[in-house]
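Every number for a ligand or one of its atoms is a count from 1 in the order of the listing.
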Amino acid sequence: MTDKTNSLQHLAIIMDGNGRWAKKRGLPRSAGHKKGAETVKDIVRAAGDMGIKYLTLYAFSTENWQRDPEEVKGLMGLLREYLKSELKEIQENGVRIMFIGERQMLDADIAEQMSKIEKDTADNDKMTLCIALSYGSRQEIVAAVQKIALLAKKGDISTNDIDIKMFSDMLYTKDIPDPDLLIRTSGEQRISNYLLWQIAYSELFFTPTLWPDFSKEELAGIVDNFNRRERRYGKN
Ligand code: IPE
Ligand code: IPE
Ligand code: MG
């Protein structure tokens with residue numbers, strides 16, 4: 001064990017368990033999503049207070065489009081509300097917002113609002129909040145391969161130019177460092193198509209807590225656990 005504290009620059013979270021939270025209370029799934037959106041606000045604030053520079057939240061996966069249309073509609077409605085209601089606080093707190101995922105799948109008004117928020121917050125530098133929306137990591141990787149193949153076909157690059165750095169630069173996440181820590185709530189121990197390339201050396205933490213019940217106190221405990229881990233990157 002080393003006694004130096006790890007640096008937590010980038011925290012990624014798979015916010016899971018809204019549906020089960022609601023079911024346990026005999027409520028519709030939408031109630032879980034609503035409560036989950038409150039947790040998002042608390043955790044964004046807490047991460048900023050803890051000095052975390054990058055927070056990437058999995059809000060909606062490419063595969064989530066296959067859910068009941070009513071649930072998808074409800075989630076998009078919540079997103080609209082969030083983007084509107086949080087902008088002021090986000091600006092005041094110096095948070096830069098970016099989105100990763102397939103925007104063409106989203107309603108035009110949401111996509112427009114997203115671009116506007118990215119532009120309006122571009123100069124904020126306290127923390128970057130990256131929201132993965134309509135995001136799938138395999139899709140992201142395939143899109144990167146397509147871009148690279150096109151460059152090679154045009155003769156702009158040779159195969160030897162393709163390396164880890166170049167590949168990373170073709171991903172949505174090109175401007176942000178890889179996650180140091182990935183947390184998944186709800187007890188599921190899987191990645192569900194999230195940041196597959198980027199988490200090569202991330203520390204993983206799975207908690208049984210359902211996302212609507214996740215708190216800044218629990219986050220602090222997990223960060224404490226992370227700080228005590230030894231990251232080796234394959235070295236001795
Ligand atoms: C996470 O909660 C939110 C989204 C995936 C949009 P779920 O809706 O997956 O909740 P569970 O996993 O069914 O409990
Ligand atoms: C992952 O959760 C996606 C988000 C949290 C947005 P899911 O609930 O969609 O994942 P699975 O279906 O349990 O793998
Ligand atoms: Mg789930």
- Beyond-backbone contact of Pro177 with Tyr54, side-chain heavy atoms, under 4.5 angstrom: yes
- Query: Do Asp123 and Arg96 meet the salt-bridge criterion of a basic N to acidic O distance under 4.0 Å?
  - Reply: no
- Task: Please work out which of Arg20, Arg184, Arg67, Arg190 has its closest non-hydrogen atom nearest to atom 10 (O) of ligand 2.
- Result: Arg184
- Item | Number of protein N, O or S atoms [distance to the Mg ion (ligand 3) under 2.8 Å] | 1
- Can you label the angle between the Tyr194 ring and the Tyr58 ring as parallel, tilted or perpendicular, going by 30° and 60°? parallel
- Item | Met15 and Val40, any side-chain heavy atoms less than 4.5 Å apart | yes
- Message: Can you name the atoms of ligand 1, numbered from 1 with element, that are less than 4.0 Å from a heavy atom of Arg29?
- Response: 7 (P), 8 (O), 10 (O), 13 (O)
- Message: Does the residue Gly17 have a heavy-atom contact with ligand 1, meaning some pair of atoms that are separated by less than 4.0 Å?
- Response: yes
- Message: Residue-level breakdown please: for His33 versus ligand 1, do any non-hydrogen atoms fall below 4.0 Å on the side chain, on the backbone, on both, or on neither?
- Response: side chain
- Taking the inter-plane angle between the rings of Tyr233 and Tyr201 on a 0 to 90° scale, is it parallel (under 30°), tilted (30 to 60°) or perpendicular (over 60°)? tilted
- With atoms numbered from 1 as shown, which atoms in ligand 2 lie under 4.0 angstrom from a non-hydrogen atom of Ala59? 6 (C)
- Item | Contact bool for atom 12 (O) of ligand 2 (protein heavy atom, d < 4.0 Å) | no
- Query: Tell me the salt bridge (Lys or Arg N to Asp or Glu O under 4.0 Å) pairs involving residues 102-112, sequence neighbours left out?
  - Reply: Arg80-Asp107, Arg80-Asp109, Arg103-Glu118
- Query: Does the N or O separation between Asn64 and ligand 1 drop below 3.5 Å for any pair?
  - Reply: no
- Task: Among all protein heavy atoms, pick out the one at the shortest distance from atom 14 (O) of ligand 2; state its residue, atom name and that distance to 0.1 Å.
- Result: Ser192 OG, 2.6 Å
- Message: Tell me whether Arg20 is salt-bridged to Glu188, with the criterion being a basic N under 4.0 Å from an acidic carboxylate O.
- Response: yes
- Item | Within 45° cone and under 6.0 Å: Arg67 NZ/CZ vs Trp65 ring | no
- Query: Below 4.0 angstrom, N of the basic side chain to O of the carboxylate: do Glu89 and Arg45 qualify?
  - Reply: yes
- Polar side-chain atom of Lys53 near backbone of Asp125 as donor-acceptor pair, under 3.5 Å: yes
- Message: Does ligand 2 come near enough to Glu188 that some N or O of the ligand is less than 3.5 Å from an N or O of the residue?
- Response: no
- Query: Any nitrogen or oxygen of Gly19, main chain or side chain, under 3.5 Å from a nitrogen or oxygen of ligand 1?
  - Reply: yes
- Residues Ile199 and Pro179: closest non-hydrogen pair is CG2-CG, 4.1 Å
- Message: Which of the numbered atoms in ligand 2 are under 4.0 angstrom from any heavy atom belonging to Phe60?
- Response: 6 (C)
- Item | From CA spacing to verdict: side-chain contact (heavy atoms from CB on, under 4.5 Å), Ile100, Leu195 | CA-CA 10 Å; Ile100 58 174; Leu195 303 173; 4.2 Å; yes
- Message: For atom 6 (C) of ligand 2, what is the closest protein heavy atom, and at what distance to 0.1 Å?
- Response: Tyr58 O, 3.3 Å
- Task: Just need the protein heavy atom nearest to atom 3 (C) of ligand 1, so name the residue and atom and give the distance.
- Result: Asn18 ND2, 3.6 Å
- Message: Any nitrogen or oxygen of Asp16, side chain or backbone, less than 3.5 Å from one on ligand 2?
- Response: yes
- Could you tell me whether Glu38 and Lys35 make a salt bridge, using a distance below 4.0 angstrom between a side-chain N and a carboxylate O? no
- Met15 neighbourhood, listing ligand 1 atoms whose heavy-atom distance to it stays under 4.0 Å: 1 (C), 3 (C)
